Structure formats: structure tokens, C-alpha cells
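Predicted model only: the values in this text are computed from it and were never measured. Whatever order the structure lists ligands and atoms in, that order sets their numbers, starting from 1.
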Amino acid sequence: MDRSLLMIPGPIEVEPEVLAALAAKPESHVSPAFIERFGRCLERLREVFRAPEGQPFVVAGSGTLAMELAAVNLIEPGDAVLVVNSGYFSDRYVRLLERCGAQVTQVRAPVGHAPALDEVAAALDRQPFKLLVATHVDTSTGVRVPAQELARLARERDVLSLFDGVCATAGERFEQGAWGADVYLTASQKAVGVPPGLALVMVGPRALAVRQARRAPLPSLYCDWLEWLPIMQAYEARRPAYFATPPVNLIAALAVSLEKLLGEGMEAVWARHARMAGAFRAAWQALGLRLVPESAEVAANTLSAIYYPDGVDGSLVGRIRDEGVIVAGGLHPEIRERYFRVGHMGAVRPNDVLATVGAVERALHAAGHKHAAGAGVAAAQGALVGGDE
Ligand code: PMP
């Protein structure tokens with residue numbers, strides 16, 4: 001068994017109980033036990049997303065399917081959409097929306113910055129939009145956008161808002177109901193704490209009403225919310241239903257993970273992510289490394305995006321792997337060769353932080369980067385110990 005530590009921004013290390021659920025014998029998707037499990041999952045998702053009025057959809061597929069599930073239902077050809085673009089996954093949303101026939105306008109931020117709220121407000125005031133789309137945390141830059149304020153700007157103008165939370169949900173605070181965000185979506189393989197394979201979409205009442213009033217035919221069967229709605233409602237009412245076979249083991253694993261998250265409590269889960277991220281940031285600073293996010297305020301709690309120091313190149317990622325920790329290379333096309341990424345979401349604990357920082361330090365040392373041995377580990381440990389006081 002490989003004992004290396006998986007610290008990429010998804011898939012992530014998952015809890016042993018979650019893995020055990022995946023290894024169980026598949027059960028019938030209409031058995032009483034599965035119906036109960038799935039029904040509870042749907043109820044629990046509302047709590048994790050803080051969306052008391054939301055309609056959850058759990059569908060087999062990756063995060064890109066979650067993005068597609070949202071776009072194809074809401075967009076009719078010609079609809080105007082404002083994309084608050086903070087990186088690679090915002091670019092992906094633009095492509096997807098344009099395929100649905102949307103007229104896309106973008107407010108872009110330079111790499112490492114969150115788009116400015118006054119620019120977003122000005123764009124919203126310039127013309128009517130149906131929908132505002134933002135990536136809560138863009139995995140290519142580690143930048144978190146101010147989702148609450150963006151949802152407010154949209155709501156004030158009667159524009160729907162949609163947030164891609166694939167690299168944020170359950171790791172960053174998001175209160176869908178209270179913030180008035182219409183759609184929040186994620187995938188199972190990140191802070192939700194399950195292997196890849198589930199698209200999770202929470203649809204608020206205004207967005208569902210827009211789908212119900214849609215006039216243009218919807219060209220996808222699998223993505224149609226109205227095909228899935230009676231299925232989700234049936235499972236919640238503890239009745240059997242079938243549209244397309246649910247991935248029963250992944251849903252059993254999700255059930256375990258959601259119980260664990262809610263057992264800890266979302267406030268505590270968000271605080272733990274902030275604490276782990278704080279310890280990582282202390283370490284990067286002590287090692288003299290510069291982050292892609294331009295300030296701590298916009299730096300995500302779910303991953304670190306770190307520039308290689310002078311004289312060090314992408315071979316660092318392999319050196320870190322040789323030290324027992326798997327991290328990711330760059331992704332944003334403008335800076336791809338100049339930085340690497342460390343995921344810190346889900347089951348990450350202080351021991352994982354220290355092991356990861358230690359591996360990065362040894363790899364930097366092997367790459368010729370001069371620093372006092374242990375400086376990063378000491379800074380992380382200081383932050384972790386300080387955080388306990
Ligand atoms: N959005 C964001 C913010 C992501 O980080 C990812 C995956 N890294 C996706 C969308 C796409 O998810 P998937 O790779 O599961 O299709």
C-alpha cells in the first residue's frame with residue numbers, strides 16, 4: 001500500500017469510514033436501506049450548504065457535470081450572463097455558457113486578484129443580466145472571491161447568482177439561504193470528503209422557478225432538473241424511484257462523510273480549514289515563498305498556490321513526491337510553469353500540515369534553495385499551537 005500523502009486540490013485523502021462504505025457490496029437502489037441513506041444525504045446536504053429552501057440534486061458525474069447541470073437548465077439562447085472571472089475554472093464556465101447560447105460578459109481580475117466589487121456592480125448596472133456566475137475558489141490561483149457580496153449585488157438587481165464551489169464547499173463559509181445565492185454546486189472529491197464521482201447541486205426556489213418557466217427545449221435528458229426532481233423528492237419522502245441508476249456506493253460514502261461533517265459542525269469545519277490554511281501560510285512565509293493570491297484576504301483556506309523561488313523549477317513537485325507527499329503543479333495558463341499547488345481540505349489535520357511542510361522543505365533544500373532547516377515546520381507548528389490558545 002502506498003503510504004504517500006495526497007495533498008493535491010482534489011481528489012484528497014478521505015476518512016477510513018468513507019472508504020469502507022465504498023468497499024461494501026453494492027445494494028439495490030430501491031432497497032429500504034439505500035432509500036433511507038439517500039434520503040438522509042439530501043437532507044444533510046441542505047445543512048452543509050446552509051440552504052433550508054434549496055433543492056439538492058445528487059447525480060453521478062464530476063464537477064464539470066455539476067457546472068453543466070446548472071447552466072443547461074437556466075440558460076436559453078440569447079440570455080445575458082455576467083461571469084466574474086478569477087481563473088481557469090471561470091474560463092471553463094464561459095465556454096460552457098457560450099455552448100448553451102448565452103451572451104457572456106466578463107469582469108476579469110489579474111492573476112492572483114479577486115475581481116473588484118465596484119467593477120462587478122458597474123457591469124451589472126450597464127445592461128440587464130439573467131445570471132451572475134462566479135467561482136468561489138478558483139483552483140488555478142487559490143483566490144477566493146467575496147461570494148456573499150457578489151450574491152448581494154446580484155440579488156439587489158434581481159439577477160440570479162450561481163457559484164462554482166467545487167474547490168470551496170464545506171471548506172469555506174457559504175450560507176446559501178442567508179446570502180440569497182440561487183445555485184451553489186460542488187463535486188464529491190474535495191472538501192466534501194468522498195472520492196470523485198458525484199456532482200452535487202443545490203438549487204434555490206428562484207432558480208427552480210426559472211427552469212419551470214423555461215420555453216426553449218432542453219437538449220439534454222440526463223441534465224434536466226425536471227427529470228431528477230421527482231427522483232430526489234421521492235428519496236426524501238423515503239419512496240423508491242428510478243430515472244438513471246444512482247452510484248449506490250458513492251452515495252453510501254457521501255452519507256458517511258456528511259454525517260461526519262455535521263457531527264463536527266459546519267462552523268467548526270470552516271474554522272478548522274482556516275486554521276490549517278493559516279499554519280500553511282505561516283510556513284510558506286517563513287520559507288520566503290510568495291503566494292499567487294495577492295493578499296491573505298483573498299487567499300483560499302482550501303489550497304495554497306505558491307510561486308517557485310528563484311532558481312527552482314517544476315522539478316520541485318517530483319522532489320516533494322520523493323519525500324512522500326503528492327502536490328500539484330501549476331494550472332493557470334499565464335503562470336503554469338512558475339508555481340505549484342498544495343491542497344488542504346477535507347480530512348487534513350495538523351500532522352498532515354507538518355508532514356507536508358517538512359517534505360516541501362527537504363525538497364527545496366535538495367533543489368538548492370537556502371533556508372534554515374525546520375523554519376517552515378516551526379512556523380506551522382507555532383501557528384497550530386498558537387491556534388489552540
Ligand atoms: N470547478 C472548480 C473550481 C474545480 O476546482 C474543478 C476541478 N478541479 C472543477 C470545476 C471541475 O471539476 P471536475 O474535474 O470534477 O470535473
Side-chain angles (χ1 to χ4, degrees), residues 6-14 49 57-72 83-97 99-100 106 108-109 111-112 114-115 132-147 150 161-174 181 183-202 220 222-223 247 250 253-254 257 273 277 292-293 298-305 326-333 336 339-346 348:
L6 183 60
M7 297 293 286
I8 62 174
I12 61 166
E13 293 282 336
V14 300
F49 282 58
F57 293 92
V58 175
V59 176
S62 78
T64 306
L65 182 81
M67 296 166 74
E68 192 137 349
L69 275 161
V72 299
V83 173
V84 177
N85 191 323
S86 53
Y88 180 94
F89 288 101
S90 307
D91 285 341
R92 173 171 296 186
Y93 233 138
V94 170
R95 290 174 60 206
L96 173 48
L97 289 159
R99 284 199 182 210
C100 298
Q106 299 186 56
R108 278 179 171 277
V111 174
L132 174 148
V133 174
T135 311
H136 191 185
V137 168
D138 201 294
T139 326
S140 68
T141 58
V143 167
R144 179 184 56 233
V145 299
L150 290 170
S161 62
L162 183 171
F163 294 87
D164 169 355
V166 174
C167 199
T169 311
E172 303 278 0
R173 174 181 296 279
F174 195 90
V183 179
Y184 195 44
L185 61 87
T186 191
S188 50
Q189 76 270 21
K190 305 224 185 191
V192 169
V194 175
L198 291 176
L200 310 172
V201 185
M202 186 69 72
S220 167
Y222 190 70
C223 286
L250 278 170
L254 177 68
S257 194
H273 280 82
V292 176
V298 302
N301 290 331
T302 49
L303 81 156
S304 296
I326 301 167
V327 301
L331 182 62
H332 194 291
R336 194 188 301 269
Y339 77 113
F340 68 108
R341 296 171 301 147
V342 176
H344 30 86
M345 54 192 127
V348 175

Can you find a side-chain donor-acceptor pair between [X] and [Y] that sits under 3.5 Å?
X	Y	answer
His136	Tyr184	yes
Thr135	Ser90	yes
Ser304	His344	yes

* Asked: Are the side chain of Glu172 and the backbone N or O of Asn301 linked by a donor-acceptor pair below 3.5 Å?
  -> yes
* Which pair of non-hydrogen atoms, one from Gly197 and one from Ser188, has the smallest distance, and what is that distance? -> N-OG, 3.3 Å
* To do: Please report the closest heavy-atom contact between Thr139 and Pro9, naming both atoms and the distance.
  => CG2-CB, 3.6 Å
Please tabulate, line by line, the atom pairs linking an N/O of ligand 1 to a protein N/O at a distance below 3.5 Å, with the distance in Å to 0.1, or answer 'none'.
unit_1   : atom_1 : unit_2 : atom_2 : d
ligand 1 : 1 (N)  : Asp164 : OD1    : 3.3
ligand 1 : 1 (N)  : Asp164 : OD2    : 2.6
ligand 1 : 5 (O)  : Thr139 : OG1    : 2.3
ligand 1 : 5 (O)  : Lys190 : NZ     : 3.1
ligand 1 : 8 (N)  : Lys190 : NZ     : 2.8
ligand 1 : 15 (O) : Gly63  : N      : 2.7
ligand 1 : 15 (O) : Gln189 : NE2    : 2.8
ligand 1 : 16 (O) : Ser62  : OG     : 2.5
ligand 1 : 16 (O) : Gly63  : N      : 3.3
ligand 1 : 16 (O) : Thr64  : N      : 2.8
ligand 1 : 16 (O) : Thr64  : OG1    : 2.6

